[in-house]
Each structure stands twice: as C-alpha cells, then as structure tokens.
Amino acid sequence: MSPAPAPTDNDKKTMTLSHHLSDALIVDYASGSMGRAQSLVVATHLHACAACRGRVAQAEAVGGALLEEIASTPLAPDALDRALARIERPREAAAPEAAAGHARQPADWISVPVEVAEAAARRRWVAPGVWVAPVDVGSGDGALTYLLRVGQGMRMPQHTHAGCELTLVLKGAFDDAGVRFGPGDISEADDAVEHSPVIAAGQECVCLVACDNRLIVKDWLGRVVQAYAGI
Amino acid sequence: MGGVSEVMTQTRADDPAALIVAVATRGDRDAFALLFEHFAPRVKSYMLRLGAPPETAEELAQECLLTVWRKATLFDPARAGASTWIFAIARNLRIDAVRRQRRPRFEDDPTDEPAPEPPADAIAFAAERDVRLREAMRELPPDQAEVIRRSFFQDKAHSEIARELSLPLGTVKSRLRLALARLRGLVGDLA
C-alpha cells in the first residue's frame, strides 16, 4: 500500500465552462458504448469539467444497479481458488501508465490525452492559417478524430453532418450562430445542423474534433482539409 | 473472538462497500472471497450479454475481481457504490479486451487519486443510495428503461439505438435525459 501522495491542486483544473456534454453522450460514455473517436473528445472535456465527471459517475451508478439485477452465470468450480492463488503472488508490477518520452502537449492547450499530444507533431498546413493533424484512434469503423487549427478571425470549413460531430476547444475560441465556445467547451452537432463557425479575434483556435461519420463538406477550404486529413 | 469475527463477516456479507474497504485496509481474504462469490458471476453474465465468448467472459470476470483486489485502495464509497465501482472496472476491461480500445489516458488524471479514508457513515449511505437507485430503475417507464438497457447491455451508442428502433435521434436523446433526470434526484451529487 503506497502512501497517499500530497493532494494536488484540483482547483486550477476547475475552469468555468459554458457548454457541456448532453445526457445522451454521458450515457454513451458511462455505458462503454461510445466509440474510440468520440471517447477521446469526451474524456478531454471530462478532464477539464468536474460537473460532467459527476454526471458520468451518476450514469455509472445506473450500470452498477444493472449489474446487481443481472442473473448470475456460474464460474468454473475452481475460479475462486485460482483468484486467491493469483492474489497470493507478489503484487504484479503495475505497467507504467504512459511510456516515457512521449510528446508533451503545448502548454497553452487544456490537458489532452497522450495520443492527442502526439498527434500535434503530425500537423500539416492545408491552407493559409489552417492545419490539421489526424489522431490515430485505430477504430476502423469510419469514425475519425483530428486536431484542427484555424487562425483568428477565419471561418471554419462549412459543413453539414452525416452523423454526429463533436468539437472541443483546446485553445482560443469560436462563435457559432452567435454563441461563444471557449477552452474546454464542447459542441455537439448532428444531422440537422449546417454550420460554419467563426474563430474569435485575438488568437488562433485549436479544436479536437470527432465524427462518427464523414462530413459533408460544402466549400473549397473544407474540401482541402478533408483531402489532407483523410476525413 | 472467533464468534465475533464470524458475526462481523455475516453482517458485512450484504455490504459490499464494507468488504472492499476491508480488502483495502487489511488485505482481508475472506472479504475478497465474499466479493468474488457475489460479483464474479454477475460480471461474467455482463460480458456474455455484450457478446464475449464464454471463456473470455470467465477470464474477464476473474480479471475484474483481481483488479478489485489490486485497486481497493482507490475505492471511495462516498463517490460510488461498490457495484458502481465494479461495473466501471468491468466496463473498462471489456473495452480493452473485446474492442481493443483503451480509455484515454492523461499524464495527470483527476479521477485516479487514492481515496481518502471514508467517513464512518459514507459506507452506509452508499449502500442505501444503491438500493434506492435499483428501486427507481425498476420504476422507469418502459421506453426509458429500453434505451438504458440497450446502451449498457447491447453496446449501442444513442445514434445506433435511434437507427435500430427507427426513432428520431431527438427522441432517444430525450428518453435518456428523462431517465437520468429521474435517477439523478435519487443518487444525488457524486462529483
């Protein structure tokens, strides 16, 4: 049993967010039914948002209740003995949580998962002021996640959706139909939405985007981004 | 002495949160055995329902309970009931093993900090909360219960549920919202 480390300063992570996860996404994530592409974005929001972490905990309690209700399936007769034998052995060394020497994320982004930080090194400029960097999620189901950087005052590629798209601001801000999205805010768009958010003045905007399906991109910039990001 | 500890074991048998705390604080093997008997067969069912082959389901149930032993010090009864905590372990194991995904990892994870010593009444409160929640789940309107079950036991995201039931996305979303709102009032703030 290792001694408890000194309490960390969680307050600094408690930023004020305006745009949170829908209950549908909370349930998808808590139940484990959400695919890898969206999970990355949702986990990144959760890391920044104690309120949504609490909501996930509530939804997980539903999973706990269902686990109690489910009928039992007997294990092999020696299952408990095997488990006890395994806990008698010296504690298996815990695998290191993250490999040493991985890419560090840019200091002015909100905290991102390790694989997202690594993806930033693969950025490709695709138009003046715009770069994209695909995040390898290995999902193989047509879903994809990518980083998108758009310079201040520019317009994001105009598109509609053939599915659900999540956009999380890592740095900077954008306005979508008069609504401001800042760091940590998440925007959920589905089939019905056609939008073209504008980057706020002052600084670049970097977003982590996940789609469970290919975008239907409408303008030239979108098509360029799509071609280079493989989206 | 023997009589006292027997009585204690009996009282704790239906209080899994206390059993996990016993594992965490003194490596109590009897408490672990009770947890195993109760949860391993349920975790196996959960894995089977979600499509794991029987051998994999058995192995994942083993692995889940071994994780309970190893991570018992991280269990915080003020934040989650025992079955909720074990569900989350089982869910993550399934995602790793069956879908070959990992939950995203951060260099610093705010949810991964060891739990403080639970206050004396936290365990009783957690147990009561779980009972209330199970009752409320049984009373959910069928259309809400349906989407919850598909989400947790059929590995369907809400967009897939909408497609399968031929419902507009907004209908599925609002059923999930109503279901959570109803349960939220009962389980309180778990942040």
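Numbers restart at 1 for each chain; the letters A, B, ... are given by sequence-line order, proteins then strands.
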S.K.: With sequence neighbours left out, what residues match B:Glu37 under side-chain contact (heavy atoms from CB on, under 4.5 Å)?
M.R.: A:Leu80
S.K.: Between A:Leu40, A:Val112, A:Ile26, who has the most heavy-atom pairs with chain B when the cutoff is under 4.5 Å?
M.R.: A:Val112
S.K.: Does A:Arg82 pair with B:Glu59 as a salt bridge, N-O distance under 4.0 Å?
M.R.: yes
S.K.: Can you pull out every ring-ring contact (aromatic ring centres under 6.0 Å, His included) where at least one residue sits in residues 23-57 of chain B? Sequence neighbours excluded, please.
M.R.: B:Phe32-B:Trp69, B:Tyr46-B:Phe87
S.K.: Can you tell which of A:Val27, A:Asp23, A:Leu25 makes a side-chain contact (heavy atoms from CB on, under 4.5 Å) with B:His158?
M.R.: A:Leu25
S.K.: Start with the C-alpha gap between B:Arg29 and A:Ile87, add the side-chain angles, then the distance that decides, and say whether side chain to side chain contact (heavy atoms under 4.5 Å, CB included) holds.
M.R.: CA-CA 9 Å; B:Arg29 296 165 57 86; A:Ile87 62 176; 4.0 Å; yes
S.K.: What heavy-atom pair brings A:Ser33 and B:Lys156 nearest, and what distance separates the two atoms?
M.R.: OG-O, 3.2 Å
S.K.: Tell me the closest heavy-atom pair linking A:Glu60 and B:Ala88, and the distance in Å.
M.R.: OE2-CB, 4.2 Å
S.K.: Pick whichever of A:Pro74, A:Cys52, A:Gly64, A:Ala76 has the most heavy-atom pairs under 4.5 Å with chain B.
M.R.: A:Gly64
S.K.: Assess whether side chain to side chain contact (heavy atoms under 4.5 Å, CB included) is satisfied between A:Leu66 and B:Ile148, documenting all intermediate values.
M.R.: CA-CA 10 Å; A:Leu66 290 169; B:Ile148 290 279; 4.1 Å; yes
S.K.: Does the B:Ser151 side chain pair with the main chain of A:Asp28, one donor and one acceptor, at a distance under 3.5 Å?
M.R.: no
S.K.: Are the side chains of B:Met137 and A:Glu69 in contact, using a 4.5 Å heavy-atom criterion?
M.R.: no
S.K.: Taking side-chain contact (heavy atoms from CB on, under 4.5 Å) as the definition, give me every residue that meets it alongside A:Asp108, ordered by chain and number, with sequence neighbours left out.
M.R.: A:Pro106, A:Lys171
S.K.: By a 4.5 Å heavy-atom criterion (distance strictly below it), what part of A:Val116 contacts chain B: side chain, backbone, both, or neither?
M.R.: neither
S.K.: Heavy atoms only: give me the nearest B:Ala61-A:Leu75 pair and the separation to one decimal.
M.R.: CB-CD2, 4.2 Å
S.K.: Check whether A:Ala71 gets within reach of chain B through its side chain, its backbone, both or neither, counting any heavy atom under 4.5 Å.
M.R.: backbone
S.K.: Strictly distance-based, threshold 3.5 Å: is any side-chain N or O of A:Ser31 a donor or acceptor partner for the main-chain N or O of B:Phe152?
M.R.: no
S.K.: Among A:Ala43, A:Ala65, A:Pro113, who wins on heavy-atom pairs under 4.5 Å with chain B?
M.R.: A:Pro113
S.K.: Using 0.5 Å steps for rounding, measure from the CE atom of A:Met34 to the CG atom of B:Asp155.
M.R.: 12.0 Å
S.K.: May I ask you to decide if A:Thr73's main-chain N or O and B:Ser45's side chain share a donor-acceptor pair within less than 3.5 Å?
M.R.: yes
S.K.: Can you name the nearest heavy-atom pair linking B:Ser83 to A:Glu68, along with the distance?
M.R.: CB-OE2, 3.4 Å
S.K.: Considering only heavy atoms and a distance below 4.5 Å, find which of B:Thr84, B:Ile86, B:Ile161, B:Leu65 pairs most often with chain A.
M.R.: B:Thr84
S.K.: Report, by ascending residue number, the residues of residues 171-181 of chain B in heavy-atom contact with chain A at a distance under 4.5 Å; give 'none' if the set is empty.
M.R.: B:Lys173, B:Leu176, B:Arg177, B:Leu180
S.K.: If you count heavy-atom pairs under 4.5 Å between each of B:Arg49, B:Glu58, B:Arg150 and chain A, which one has the most?
M.R.: B:Glu58
